[in-house]
Asker: 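Supplied in structure tokens, the structure appears directly below.
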Amino acid sequence: MNKWLFILVLLIGLNLMGCSNEGLSGGKPPKVFIEIDNERFETTLGTYCWSESRKGTCVDTAGPVELLKDKTPVKVKPGETISFIIDYEPKPNESHVVQISNNNENEVMIKNNSFTAPMQSGVYYYSYGIWWIDEQEANVSHGDAFYAFVLEVN
């Protein structure tokens, strides 16, 4: 009896280890919110590639300006802190933010999952890109996603 119990435990353990690196859960990337002054706002999911249970899905969409053409901008004060909220584990381990205004694109520095709104008044479009990079295998991504949102500084 002990022999069969040992084999059963061994098989369950091997199965769990084999599944741990198969991909991410859910059929597509998680929702991402921006938080401003303790209020959450949804972002719009854009282009992504998502690997779940050895099956990968990629979706290509328009850029942030086109994705958000019918959305009302979130109003913020100059210099206000904007934080990213992702209720998902594991957390992405790489991220970048690009700001688009008057056909100019600029990378925005992120610190502690937050950045600061521009000081000048205007409408600013953002692309927030996140990646789940494999920490053991070089150049392997389990998923990536780009989220868009628009802010109006006044």
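Values reported hereafter were calculated over all heavy atoms of this structure, with side chains retained and with hydrogens, waters and symmetry mates removed. We number each residue from 1, following the sequence as shown.
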Asker: Compare all side-chain heavy atoms of Leu24 with those of Ser51 and state whether any distance is below 4.5 angstrom.
Answerer: no
Asker: May I ask you to decide if the ring planes of Tyr147 and Tyr128 are parallel, tilted or perpendicular, using 30° and 60° as cut-offs?
Answerer: tilted
Asker: Check for a donor-acceptor pair, side chain of Asp134 on one end and backbone N or O of Gln136 on the other, with a separation under 3.5 Å.
Answerer: yes
Asker: Evaluate the ring planes of Tyr126 and Phe115, with Trp represented by its six-membered ring, and classify them as parallel (under 30°), tilted (30 to 60°) or perpendicular (over 60°).
Answerer: tilted
Asker: Please collect all side chain to side chain donor-acceptor pair (under 3.5 Å) contacts where either partner lies in residues 111-125, sequence neighbours excluded, each pair once.
Answerer: Ser83-Ser114
Asker: Determine whether a donor-acceptor pair (N or O, by modelled atom type, separation under 3.5 Å) exists between the side chain of Trp50 and the backbone of Gly56.
Answerer: no
Asker: What's the separation between atom CZ in Phe149 and atom CG in Leu68, rounded to the nearest 0.5 Å?
Answerer: 9.5 Å
Asker: May I have all residue pairs that pass salt bridge (charged side-chain N to carboxylate O under 4.0 Å, His left out) and include part of residues 56-76, sequence neighbours excluded?
Answerer: Lys75-Glu152
Asker: Is there a continuous path of hydrophobic side-chain contacts, each under 4.5 Å between heavy atoms, that joins Val74 to Val108?
Answerer: yes
Asker: Decide if atom CD of Glu89 counts as having more than 12 heavy atoms of other residues, nucleotides or ligands within a radius under 6.0 Å.
Answerer: yes
Asker: For the atom pair CD (Gln99) and OG (Ser127), what is the distance rounded to the nearest 0.5 Å?
Answerer: 12.0 Å
Asker: Measuring from Tyr48:OH to Ile130:CD1, what's the distance to the nearest 0.5 Å?
Answerer: 13.0 Å
Asker: Group every Ile, Leu, Val, Met, Phe, Trp and Tyr by side-chain heavy-atom contacts under 4.5 Å, then state whether Ile34 and Ile86 land in the same group.
Answerer: yes
Asker: If you count heavy atoms of other groups shown closer than 6.0 angstrom to NZ of Lys31, is the number above 12?
Answerer: no
Asker: Can a donor-acceptor pair be found, under 3.5 Å and without considering hydrogens, that links the side chain of Asn93 to the backbone of Ile133?
Answerer: yes
Asker: Distance-only, no hydrogens or angles: does the Thr47 side chain make a donor-acceptor pair with backbone N or O of Thr61 under 3.5 Å?
Answerer: yes
Asker: Taking atom CZ of Phe84 and atom CD of Glu35, what is their separation to the nearest 0.5 Å?
Answerer: 12.0 Å
